[in-house]
2 protein chains.
Amino acid sequence: MSEADATRRPTVYDVAQEANVSIASVSFAFRRPDKLSDATRERVLEAARRLGYAPSAAARGLAHGRTGTLGLHAFDLLLERADPIAQANPLSGLATPRLDADGVIPWTQTDDDVLSDPRAFPLYVDEVQRGFELECWALGRPVMLSSGAGTDVSVADTAGRVDGLAIFPSPQTAPALARYAPTIPIVLFSAPPADDHHHRVRVDNAAGMRAVVEHLARAHGVRDVAFVGRPEASDTVERLSGLRAAATEFGVALRPDVVDATVRGEDELVPQLRALIAGARMPRALVCATDQHAFAVLDALAAEGIRVPDDVVVTGFDGTLAARLSSPPLTTVRQPMEAMGRAAARILAGAAGPADRPFDVVFEPRLTVRQSCGCRA
Amino acid sequence: MSEADATRRPTVYDVAQEANVSIASVSFAFRRPDKLSDATRERVLEAARRLGYAPSAAARGLAHGRTGTLGLHAFDLLLERADPIAQANPLSGLATPRLDADGVIPWTQTDDDVLSDPRAFPLYVDEVQRGFELECWALGRPVMLSSGAGTDVSVADTAGRVDGLAIFPSPQTAPALARYAPTIPIVLFSAPPADDHHHRVRVDNAAGMRAVVEHLARAHGVRDVAFVGRPEASDTVERLSGLRAAATEFGVALRPDVVDATVRGEDELVPQLRALIAGARMPRALVCATDQHAFAVLDALAAEGIRVPDDVVVTGFDGTLAARLSSPPLTTVRQPMEAMGRAAARILAGAAGPADRPFDVVFEPRLTVRQSCGCRA
DNA sequence: TTGTAAGCGTTATCAG
DNA sequence: CTGATAACGCTTACAA
């Protein structure tokens, strides 16, 4: 044993001393085993094991110029989630039981009912993230997860830790990203094409909307729809224009006034829905920008005593797990989220081929028919 | 602009030159803004912004001695998952579409049906992980996700990247962990008490099993149960002995022979179940070690034409989302998985108080009654 | 085959 | 308040 503190992390120097070799040999024992005689290599490895030596990734990254890690950054995503924990302060509402007390922590202090709500998890981002993790695992790359306000510093901090960064973009994001783009490869999820130099992984929103309208028109004879969503979001913009095109194609009337609502927007929805009811202007179908909008609509409709799909048809977009669990189960457009996450990881790892020009990967979505459109169970 | 390549990551030196100050001032501008005059600070910050400077986490970690990151390591977990992708080679069976081709990637190349199976995600580990991420986010700590064979090198690699490590232990893990324990705080999920110096976050398995037996005995008059699981897993051992104790307490007969099955064990289960049927020895209830075992049992029983709960009662353990979706929906014991992940993060971040002795946090689980026990919808 | 020594980009400790 | 300068732990020519 070396004389260093028992608690200090052993370094190459400690191992070198323990094994009676130079620090270079220690390094070689791990990185270039072939450049060492079997005897010394074994001696070094043995010493390392004895000392509990774990090479410092920081030092290695510094020397080698790369961290080996791929990053996934989420901008205050919870804010856009229909999430009970979507507060200005994350987790602000949750219990924080004492962990150093003896005895069992009672169920009431776990907030499990809140945390286990399937409308809060897994969402779109969670499945994309899972795909990213899965692929990184297959590639042998650690994943760095971070989140933040989308400010310069939060992005910079993450950018400094990884060899490549995948991001769910938000409007305020662009400038910060533009700054680091030359320095590190960046993949944007679900961002419409643009002339930045970022890679993109997205879904064909127009095709998804077309599938919805086609089904509604052909299978259910729907002639009259309205769109529910918050038009600012870029994905939403594409979906709305896709809906417009499809409505024209299938001879369906699209209400010019969008029902504007956030994903948690019961408060905003109820009045607008009431106005439609009062004016007897409720369309046959409410086509929602996301599943979460659809859930909010379902709740608001139920509160008004309006039946789905009998009185009005509702559809979603994303294909989250929660769409199976709503009542009625939601007809929606499924994005291949895991595949999207996997694609991003492959691009960043260089496993997708050389990036002489930015990747723009577009996946086909798929209509998932359940009961909220009027189809039978 | 400095004369460095456009693509090289700018460093303190570049910023210092651009702002006409020393590198120390650059560092201070970010870490100790108070120690700099407003004028220089602004000048430095401005230069940094202009250059797209992102401090290197590697260098900082090296200098500062800590990475700021908290790690979550999973040992070849997929192997223990009832997961279609649980192969020796992760993702081996999945399509890998070309990403550099033009045009939309067709749905068939996404393998989305496999990947979106709720029996594969989210599982116990995924929810614990989510809790870990949530808390790390609240604490402003990036998360490092890694996975590997549980070998020395895989653990060492992770250990070298983080300030603290949470782990889902596997049997082969112990020696590797013991090695790094003195060097870095380690939290074990769901590991029974032992005299290593690791922290622990777990659930009261015995209490969970007691709740199951109590319900079965009191509400359904069950007098006769068998246990399904793979006794090697440490969690399973605790659950089995909890079941034993509870069976005694409530005067329920417990079959001495455990139905031994892996989580994907249809192949092993069917013969054992058939033997029970043939001998007319099927107990009134099959108490399973995990939800995943229960799903395998449900499938095997259905294949044999045996009805649940009419012919035999089935219960699970964990409370995963998939338990809501099985048919019949599964009566199970829910672990507060998010809370467990959060607790681990707090411990590692030092937010749970000083760790003069290892934390051993035990959560209360909760019986979730659904239909597989015989309760009505 | 092994050792020496020069970085890598920060932070921190001193002087000035 | 600011600037030199020495760590930090590792990789990698280059020497021996």
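Throughout, a chain's letter reflects where its sequence line sits, starting with A, and its residues are numbered from 1.
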| query | Hey, is CZ on A/Arg31 packed in by over 12 heavy atoms from elsewhere, all under 6.0 Å? | reply | yes

| note | Which of D/dT2, D/dC10, C/dA5 is nearest the side chain of A/Ala24? It is C/dA5

| Contacting residues from residues 57-70 of chain A, given that a heavy atom lies under 4.0 angstrom of DNA chain C | A/Leu62, A/Ala63

| query | Just wondering, do A/Leu36 and A/Arg43 contact through their side chains at under 4.5 Å, heavy atoms? | reply | no

| request: Please state how far atom CG in B/Leu36 lies from atom C1' in D/dG3, giving the value in whole angstrom units. | output: 11 Å

| Using rotation axes that map the C1' atoms of four end pairs onto the next four (five pairs an end), what angle separates the end axes of the helix from C/dT1-D/dA16 to C/dG16-D/dC1, to 10°? | 40°

| query | When the distance from CZ of B/Arg43 to C1' of D/dT2 is rounded to whole Å, what number comes out? | reply | 11 Å

| request: Quick one: label B/Ile23 by what it contacts on the DNA or RNA (base, sugar-phosphate, nothing), any heavy atom closer than 4.0 Å. | output: base

| said: Measure CZ/A/Phe30 against P/D/dT12 and give the value in whole Å, please. | reply: 15 Å

| field | Length of the line joining B/Tyr13:OH and C/dT10:P, which is rounded to integer Å | value | 9 Å

| request: Give a yes/no on whether any side-chain N or O of B/Thr11 is located under 4.0 angstrom from OP1 or OP2 of C/dG9. | output: no

| message | Do A/Pro10 and B/Thr183 have side chains that approach each other closer than 4.5 Å (heavy atoms only, starting at C-beta)? | response | yes

| task | Taking the side chain as every heavy atom from C-beta outward, state whether B/Leu177 and B/His198 have any pair of such atoms under 4.5 Å apart. | result | yes

| request: Measure the shortest side-chain to side-chain distance between B/Leu188 and B/Arg202 over non-hydrogen atoms and say whether it is less than 4.5 angstrom. | output: no

| Is a side-chain donor-acceptor pair under 3.5 Å present for A/Arg161 with B/Thr69? | yes

| Between B/Glu46 and B/Arg50, is there a salt bridge with N-O shorter than 4.0 Å? | yes

| query | Just checking B/Val21: base, sugar-phosphate only, or nothing, at a heavy-atom cut-off of under 4.0 Å? | reply | sugar-phosphate

| query | Just to confirm, is there a sub-4.0 Å distance from OP1 or OP2 of D/dC1 to any side-chain nitrogen or oxygen of B/Thr40? | reply | no

| Rounded to the Å, how far apart are B/Arg31 CZ and C/dG9 C1'? | 12 Å

| remark: Ranking C/dT10, D/dG3, D/dT11 by distance to the side chain of B/Tyr53, first place goes to C/dT10

| query | In whole angstrom, what separates A/Lys35's NZ from C/dT2's C1'? | reply | 11 Å

| Quick one: A/Asp157 CG to C/dT10 P, roughly how many Å, whole number? | 12 Å

| query | So, do A/Leu94 and B/Arg342 sit near enough that their side-chain heavy atoms are less than 4.5 Å apart? | reply | yes

| When you check the phosphate oxygens OP1 and OP2 of C/dG9, does a side-chain N or O of B/Ser56 lie under 4.0 Å from one of them? | no

| remark: Taken to the nearest whole Å, CZ/B/Arg161 to P/D/dG9 is 17 Å

| task | Tell me what A/Arg32 touches on the nucleic acid: a base, only sugar-phosphate, or nothing, going by heavy atoms under 4.0 Å. | result | nothing

| message | What contact category does B/Ser27 fall into here, base, sugar-phosphate, or nothing, at under 4.0 angstrom with non-hydrogen atoms? | response | base

| query | Are B/Tyr124 and B/Phe189 near enough that their ring centres are under 6.0 Å apart? | reply | no

| message | Counting C-beta onward and ignoring hydrogens, is there a side-chain heavy-atom pair between A/Val361 and B/Pro97 closer than 4.5 Å? | response | no

| field | Sugar-phosphate only, base, or nothing, as touched by B/Ser25 at under 4.0 Å among non-hydrogen atoms | value | sugar-phosphate

